[in-house]
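What follows is a single structure, written as structure tokens, with notes after it.
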Amino acid sequence: MREWENNIRKVTPYTPGEQPKQSNVIKLNTNENPYPPSPMVLDALRQMTTETMRKYPDPTAWELVTAIAEEYQMRPEQVFVGVGSDDVLAMCFLTFFNSQKPILFPDITYSFYDVWADLFRIPYECPPLNENFEIVKEDYYKENGGVIFPNPNAPTGVQMPLADIEEILRHNQDVIVIVDEAYIDFGGISARGLLEKYENLLVVQTFSKSHCMAGMRIGYAFGSEELIRHLNDVKYSFNSYTMNEAAIRLGAAAIHDSMYLKETRRKIMATREYAKKELAQLGFSFTDSQANFLFVTHESCPARELFEALKAAGIYVRYFDKPRIDNYLRITIGTDEEMDALYSFLRRYLKR
Ligand code: PMP
């Protein structure tokens, strides 16, 4: 054994959903929005010049920070931005989870949490979801080094009532509590309203889903001025220029088009509710997802088989080979046309 190998930080990385090279697939595997971003984004893109690329971006990303603050009626000092919410969340883990006590997150949840915990050597415990895939709030009342969960949860789509989130906050005033709201715009109720009351709360959101801009990598967090200051201190100790100039400008353009956001959300939610009816008729059962995906299991056909069959037919969905969920598929809500192609394939395959 070579001595230096002992000094390498060895990690098991997160596995993102596949981004197929061919363009003729129906891509329902990474919870992207099937619609383009607001036309305002294209206008802002046209105004970019090589001069805007030559210089370093503003390290404070002030244009984007103030646009987000204005849209959500917050002070800019309460807003942190990063390269997708993955970057924001990683910075949160690094900044706020430094206790010897384990942090808590559900056994079935966003599969990046345990990767960051391992990377940063943060101890963690994963209280199991109940049989309906719901977070059991009482499991979070014990001593811990911090709490994080998505709402709605991923990959289940299950939303936790705001009153339960407040109960978790009430029992956890000595640690930082992070609510990851990547999917909040598809019918959920944001915990943003609790920020005034709980200075230890952070609410994390993203442009990747409801704003149709996964490729631009823009995420943000709301929190008390103190928490945001600590996050920025860590960010500036790591990389001053995380947000590129295009992301700053295009993000600021998108956030102000609230009419477009409203209409895109409406379309996704309408398609999702219709999908629930279609899939039920095809023998699937699922949680009452409030996200832009459904988490489904079939009464007779194993999920892994369906996943392979769909992929062979050019329809990509997500399969997690993990305990408790290895007979489920996560299907992103696409356009009505994409979903129709999914239903007709399933009808043929399942002979219904
Ligand atoms: N949180 C959850 C729960 C997610 O599912 C995702 C999407 N993979 C993210 C955060 C990160 O999204 P992004 O980095 O694109 O903002």
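For clarity, every value in this text was computed on a predicted model and none was experimentally measured.
- Phe295 and Ile315 fall into different hydrophobic clusters, defined by Ile, Leu, Val, Met, Phe, Trp and Tyr side-chain heavy atoms under 4.5 Å apart, directly or through other members.
- At least one side-chain heavy atom of Ile228 sits less than 4.5 Å from a side-chain heavy atom of Leu202.
- Looking only at side-chain heavy atoms (C-beta outward), Phe93 and Phe112 stay at 4.5 Å or farther from each other.
- Cluster annotation: Val177 is connected to Val203 through the hydrophobic network of ILVMFWY side chains, with a link wherever side-chain heavy atoms come within less than 4.5 Å.
- Partners of Lys27 according to the side chain to side chain donor-acceptor pair (under 3.5 Å) rule, which considers only residues two or more places apart in sequence or in another chain, are Gln19, Asn29, Thr30, Glu32.
- The environment of CD in Glu18 is crowded: more than 12 heavy-atom neighbours from other residues, nucleotides or ligands sit within 6.0 Å.
- Proximity of a side-chain donor or acceptor of His211 to a complementary backbone N or O of Ser38 within less than 3.5 Å is not detected.
- Side-chain N or O atoms of Gln159 include one that pairs as donor or acceptor with a backbone N or O of Ile189 at under 3.5 Å.
- Among residue pairs with one or both ends in residues 172-192, those qualifying as ring-ring contact (aromatic ring centres under 6.0 Å, His included) are Tyr183-Phe293; sequence neighbours excluded.
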Requested in this report: Decide ring-ring contact (aromatic ring centres under 6.0 Å, His included) for Phe149 and Tyr113; before the verdict, give the C-alpha distance in whole Å, the side-chain angles of both, and the deciding distance to 0.1 Å.
Outcome: CA-CA 9 Å; Phe149 53 86; Tyr113 296 165; 9.3 Å; no
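- Among pairs with a residue in residues 180-193, none fulfils salt bridge (Lys or Arg N to Asp or Glu O under 4.0 Å), at least two apart in sequence or across chains.
- In this structure, Val81 and Val88 have side chains that are not in contact, with every pair of non-hydrogen atoms separated by 4.5 Å or more.
- A side-chain contact (heavy atoms from CB on, under 4.5 Å) with Leu294 holds for exactly one of Leu279, Thr332, Thr287, Leu28; it is Leu279.
- Among all heavy-atom pairs drawn from Asp139 and Leu104, the shortest one is O-CD1, 4.0 Å.
- With hydrogens and angles ignored, the 3.5 Å screen pairs no side-chain donor or acceptor of Asp86 with any backbone N or O of Val83.
- Using cut-offs of 30° and 60° on the angle between ring planes, the pair Tyr141 and His171 is parallel.
- Counting only heavy atoms from C-beta outward, the side chains of Met243 and Pro59 never approach each other to under 4.5 Å.
- Salt-bridge annotation for Lys276 and Asp288: present, with a side-chain N of the basic residue lying under 4.0 Å from a carboxylate O of the acidic one.
- Under the 3.5 Å distance criterion, the side-chain polar atoms of Ser99 are left unmatched by any main-chain donor or acceptor of Gly145.
- Using a distance-only test at 3.5 Å, with no hydrogens or angles considered, no donor-acceptor pair links the side chain of Asn327 to the main chain of Thr297.
- Using a 4.5 Å heavy-atom threshold, the side chains of Phe238 and Met91 count as touching.
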Report task. Begin from the C-alpha positions of Leu94 and Trp116 and carry the test side chain to side chain contact (heavy atoms under 4.5 Å, CB included) through to its verdict. Result -> CA-CA 8 Å; Leu94 193 54; Trp116 286 315; over 6 Å; no
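- A donor-acceptor distance shorter than 3.5 angstrom exists from the side chain of Gln173 to the backbone of Arg170, with no hydrogens or angles considered.
- No donor-acceptor pair under 3.5 Å is formed between the side chain of Glu305 and the backbone N or O of Pro302.
- Shown here for Cys212 and Pro36, the closest heavy-atom pair between the two residues is SG-O, 3.6 Å.
- Using a cut-off of 4.0 Å between Lys/Arg side-chain N and Asp/Glu carboxylate O, Lys137 and Glu167 are scored as not salt-bridged.
- No side-chain donor-acceptor contact under 3.5 Å links Asp164 and Tyr140.
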Requested in this report: Kindly determine whether Leu306 and Phe284 satisfy side chain to side chain contact (heavy atoms under 4.5 Å, CB included), including the steps that lead there.
Outcome: CA-CA 12 Å; Leu306 261 183; Phe284 287 93; 3.7 Å; yes
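- Remark: the backbone N or O of Asn132 is paired with a side-chain donor or acceptor of Asn130 at under 3.5 angstrom.
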Query raised in the report: Which is it for Gln78 and Phe222 under the side chain to side chain contact (heavy atoms under 4.5 Å, CB included) test, yes or no, and what are the steps along the way?
Result: CA-CA 6 Å; Gln78 294 174 291; Phe222 297 120; 5.5 Å; no
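- Residues that satisfy the ring-ring contact (aromatic ring centres under 6.0 Å, His included) test with Phe120, not counting sequence neighbours, are absent from this structure.
- Evaluation of the side chain to side chain donor-acceptor pair (under 3.5 Å) rule for Glu263 yields Arg266 as partners, not counting sequence neighbours.
- Heavy atoms from other residues, nucleotides or ligands lying under 6.0 Å from NZ of Lys10 number more than 12.
- Counting only distance, with no hydrogens or angles, the side chain of Asn239 and the backbone of Lys235 share no donor-acceptor pair below 3.5 Å.
- Both Leu250 and Leu64 are members of a single hydrophobic cluster when ILVMFWY side chains are connected at heavy-atom separations under 4.5 Å.
- As a member of the Ile/Leu/Val/Met/Phe/Trp/Tyr network built from side-chain separations under 4.5 Å, Tyr56 groups with Tyr241.
- Between Arg347 and Glu278 a salt bridge is recorded (basic side-chain N to carboxylate O distance below 4.0 Å).
- Remark: Phe320 engages no residue in a ring-ring contact (aromatic ring centres under 6.0 Å, His included) (not counting sequence neighbours).
- Using a 4.5 Å cut-off between side-chain heavy atoms of Ile, Leu, Val, Met, Phe, Trp and Tyr, with links allowed through other members, Val79 and Leu227 fall into different hydrophobic clusters.
- Within 6.0 Å of CD in Glu226 there are 12 or fewer heavy atoms belonging to other residues, nucleotides or ligands.
- When side chains are defined from C-beta on, Met160 does not count as touching Val179, because their heavy atoms never get closer than 4.5 Å.
- In this structure, Val11 and Val115 have side chains that are not in contact, with every pair of non-hydrogen atoms separated by 4.5 Å or more.
- Residues near Leu261 contribute nothing to a hydrophobic cluster around it, because no ILVMFWY side-chain heavy atom sits closer than 4.5 Å to its side chain.
- The other members of the hydrophobic cluster of Ile8, by chain and number, are Trp4 (side-chain heavy atoms under 4.5 Å, ILVMFWY only).
- A salt bridge links Arg304 to Asp321: one of the charged nitrogens lies within less than 4.0 Å of a carboxylate oxygen.
- Hydrophobic clustering of Ile, Leu, Val, Met, Phe, Trp and Tyr side chains at less than 4.5 Å, counting indirect connections, unites Tyr35 with Ile26.
- Leu129 and Pro106 make their closest contact through CD2-CB, 3.6 Å (heavy atoms, listed as atom of the first residue, atom of the second, distance).
- Here Gln281 pairs with nothing under the side chain to side chain contact (heavy atoms under 4.5 Å, CB included) rule; sequence neighbours left out.
- The side-chain heavy atoms of Asn292 and Arg272, taken from C-beta on, include no pair separated by under 4.5 Å.
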Query raised in the report: Hey, mind stepping through Glu338 and Leu342 against side chain to side chain contact (heavy atoms under 4.5 Å, CB included) and telling me if it holds?
Result: CA-CA 6 Å; Glu338 288 172 326; Leu342 171 77; over 6 Å; no
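- Under the side chain to side chain donor-acceptor pair (under 3.5 Å) criterion, Asn244 pairs with no residue at all, not counting sequence neighbours.
- Ring orientation note: the planes of Tyr328 and Phe133 are nearly perpendicular, at an angle over 60° on the 30°/60° scale.
- Scanning both residues, Leu350 and Cys301, for their nearest heavy atoms gives CD2-CB, 3.7 Å.
- The side chain to side chain donor-acceptor pair (under 3.5 Å) check on Lys142 picks up Glu125, with sequence neighbours excluded.
- The closest side-chain donor-acceptor pair between Asn172 and Asn144 falls under 3.5 angstrom.
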